[in-house]
There are 2 protein chains.
Amino acid sequence: MTTSKKAAAPRQSMVDEVYPTSVEGLDLEERLGYALRRAQLKVFKYFDEAMREYDVRPALFSALVVIEGYPGVTQSSLAQTLGIDPPRVVNLVHSLEERGLAMRVRCKRDRRSHGIFLTKSGETLTGHLKGLAEQSDLAATQALSEIERRQLLTLLRKVYASEETG
Amino acid sequence: MTTSKKAAAPRQSMVDEVYPTSVEGLDLEERLGYALRRAQLKVFKYFDEAMREYDVRPALFSALVVIEGYPGVTQSSLAQTLGIDPPRVVNLVHSLEERGLAMRVRCKRDRRSHGIFLTKSGETLTGHLKGLAEQSDLAATQALSEIERRQLLTLLRKVYASEETG
DNA sequence: TATTGTTATACTCTATAACTATA
DNA sequence: TATAGTTATAGAGTATAACAATA
């Protein structure tokens, strides 16, 4: 095994240039993690463009949608639901409050907890942003038919939904 | 508009707790970016576990596979192929050299460029890691059939392959 | 002047540990 | 003592600007 195969390291001290421009044909094309990362990069790029005007990042958008769906959600529950850590939620909610989009209210039964609610303007903005997000998803996946887009979403959900315990 | 609709903000200064535990039924479930991020998080978690023993992160693994497929690739081409910036490639290649997995060789025609080659031990490790990566992909997507896994890969490629100019 | 590789820098994202106030 | 929220901090990952060597 040490002599018969063509060596990878060059025999000379200087070599000709090699300029690949794609990963086609590489085993990388078969790697799910790589494909997910590249696809996500593209979808997020479109998302960022669509949201730039509002200075809303993915995490903030997700928080808005969850709070809209569960008015009064506690910060710890929000952390669990979004799969992020409590300290991040603090910054997220603080930012929402600063911008007048949400407000914290102490829970009466457990005064350690805070329920989070969208303000009126938070509700309005969230509705608007959901429309923008949908459009940016469509733009980012122009290469897919409507059926394929639904298939993709279904398959992705199947992957991340089975998160079990660890 | 100020009186007829149920206000989102609470009337009281204290409220009952709300503890959602999933995003089911939320519009978030329809967002491609969210689904991609969650799926990627899971696949990367499995990948990290599989590679922990070798201290290999996704970017390093991708670099190894590209160099294996294109022996002598220049750093700028590697950057373009992986969709990362030149400064990151510097660190990546430096790390590979430090670990004896790859080496830089000046190009004879354009002495500004460096061709990157795997060492013998880099080749061996890359082959081994590719096997581990394949297994970790399978483990992370146990919820999918073989056909579904291929479908997912095909759809993701369709999305990121149409990256055009912007 | 333009390009390859490099250094320095900064900014975002994310994770951890420790603190407070309530329970 | 345990938990919700908070603060401080540090580490990845990523992007930008500026520089040296070469073209």
Side-chain angles (χ1 to χ4, degrees), chain A residues 14-19 33-34 37-38 40-42 44-45 47-48 51-52 55-63 72-98 102-116, chain B residues 14-20 33-34 37-38 40-41 44-45 47-48 51-52 55-63 72-98 102-116:
Chain A
M14 291 190 186
V15 298
D16 283 331
E17 297 90 334
V18 176
Y19 299 124
Y34 181 82
R37 175 173 168 273
R38 295 300 291 245
Q40 196 209 336
L41 242 47
K42 175 161 189 180
F44 271 41
K45 197 178 71 179
F47 181 92
D48 283 341
M51 300 288 171
R52 177 165 306 146
D55 194 27
V56 168
R57 246 67 62 88
L60 198 83
F61 174 75
S62 298
V73 58
T74 64
Q75 295 186 202
S76 52
S77 292
L78 186 56
Q80 198 193 341
T81 305
L82 293 176
I84 62 182
D85 299 288
R88 281 192 70 194
V89 175
V90 174
N91 288 331
L92 231 41
V93 174
H94 185 66
S95 169
L96 289 174
E97 274 197 332
E98 252 185 347
M103 50 191 300
R104 276 178 263 230
V105 181
R106 266 189 189 270
C107 295
K108 59 183 174 185
R109 278 195 293 187
D110 184 340
R111 290 169 45 78
R112 292 173 304 181
S113 299
H114 297 102
I116 316 171
Chain B
M14 292 191 188
V15 297
D16 283 331
E17 297 90 335
V18 176
Y19 300 124
Y34 181 82
R37 175 174 167 272
R38 296 299 292 243
Q40 197 208 335
L41 243 48
F44 270 42
K45 198 179 70 179
F47 181 90
D48 282 342
M51 301 286 171
R52 176 164 308 145
D55 194 25
V56 167
R57 245 66 63 88
L60 199 82
F61 173 75
S62 298
V73 59
T74 65
Q75 293 186 205
S76 52
S77 292
L78 186 56
Q80 199 193 343
T81 305
L82 293 176
I84 62 182
D85 299 288
R88 281 194 70 197
V89 175
V90 174
N91 288 333
L92 230 43
V93 174
H94 185 66
S95 169
L96 289 175
E97 276 198 331
E98 253 186 346
M103 49 190 299
R104 275 179 264 231
V105 180
R106 267 190 189 271
C107 296
K108 60 182 173 185
R109 278 196 293 190
D110 184 340
R111 290 169 46 80
R112 290 173 305 182
S113 300
H114 297 102
I116 316 171

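In what follows, chains carry the letters A, B, and so on, assigned in the order in which the sequence lines appear, proteins first and then strands, with residues in each chain numbered from 1.
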Integer-rounded Å distance: [N] [atom2] and [X] [atom1]:
X        : N      : atom1 : atom2 : value
B:Ile116 : C:dT4  : CD1   : C1'   : 12 Å
A:Leu60  : C:dT12 : CG    : C1'   : 14 Å
B:Leu78  : C:dG5  : CG    : P     : 10 Å
A:Gln80  : D:dT3  : CD    : P     : 13 Å

What nitrogen or oxygen pairs link the protein and nucleotides 6-9 of chain D at under 3.5 Å?
from  : atom 1 : to       : atom 2 : distance (Å)
D:dT6 : OP1    : A:Arg104 : NH1    : 2.7
D:dT6 : OP2    : A:Gln75  : OE1    : 3.2
D:dT6 : OP2    : A:Gln75  : NE2    : 2.5
D:dT6 : OP2    : A:Arg104 : NH1    : 3.0

Each nucleotide N or O in nucleotides 18-23 of chain D that has a protein N or O under 3.5 Å away: list the pair and distance.
from   : atom 1 : to       : atom 2 : distance (Å)
D:dA23 : OP1    : B:Arg111 : N      : 2.9

Any chance you could measure B:Leu60, atom CG, to B:Asn91, atom CG, to the nearest 0.5 Å? 11.0 Å
Contacts of type side chain to side chain contact (heavy atoms under 4.5 Å, CB included), residue [X], not counting sequence neighbours:
X        : result
B:Phe61  : A:Leu28, A:Arg31, B:Phe47, B:Met51, B:Val56, B:Val65, B:Leu129, B:Lys130, B:Ala133
A:Arg112 : A:Asp110
A:Ile84  : A:Leu82, A:Arg88, A:Val89, A:Leu92, B:Arg37

Main-chain N/O of A:Val73 paired with A:Ser77 side-chain donor or acceptor, under 3.5 Å: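 No: the side chain of A:Ser77 does not pair with the backbone of A:Val73.
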Beyond-backbone contact of B:Arg104 with B:His94, side-chain heavy atoms, under 4.5 angstrom: yes
Using five base pairs at each end to define the local axes, how bent is the helix from C:dG5-D:dC19 to C:dA23-D:dT1, to the nearest 10°?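 The helix from C:dG5-D:dC19 to C:dA23-D:dT1 shows an end-to-end axis angle of 0°.
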Out of C:dA15, D:dG5, C:dT4, whichever nucleotide has its closest atom nearest the side chain of A:Ser76: D:dG5
Smallest separation among heavy atoms of B:Gln75 and B:Val90, with atom names: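 Result for this residue pair: NE2-CG2, 4.1 Å.
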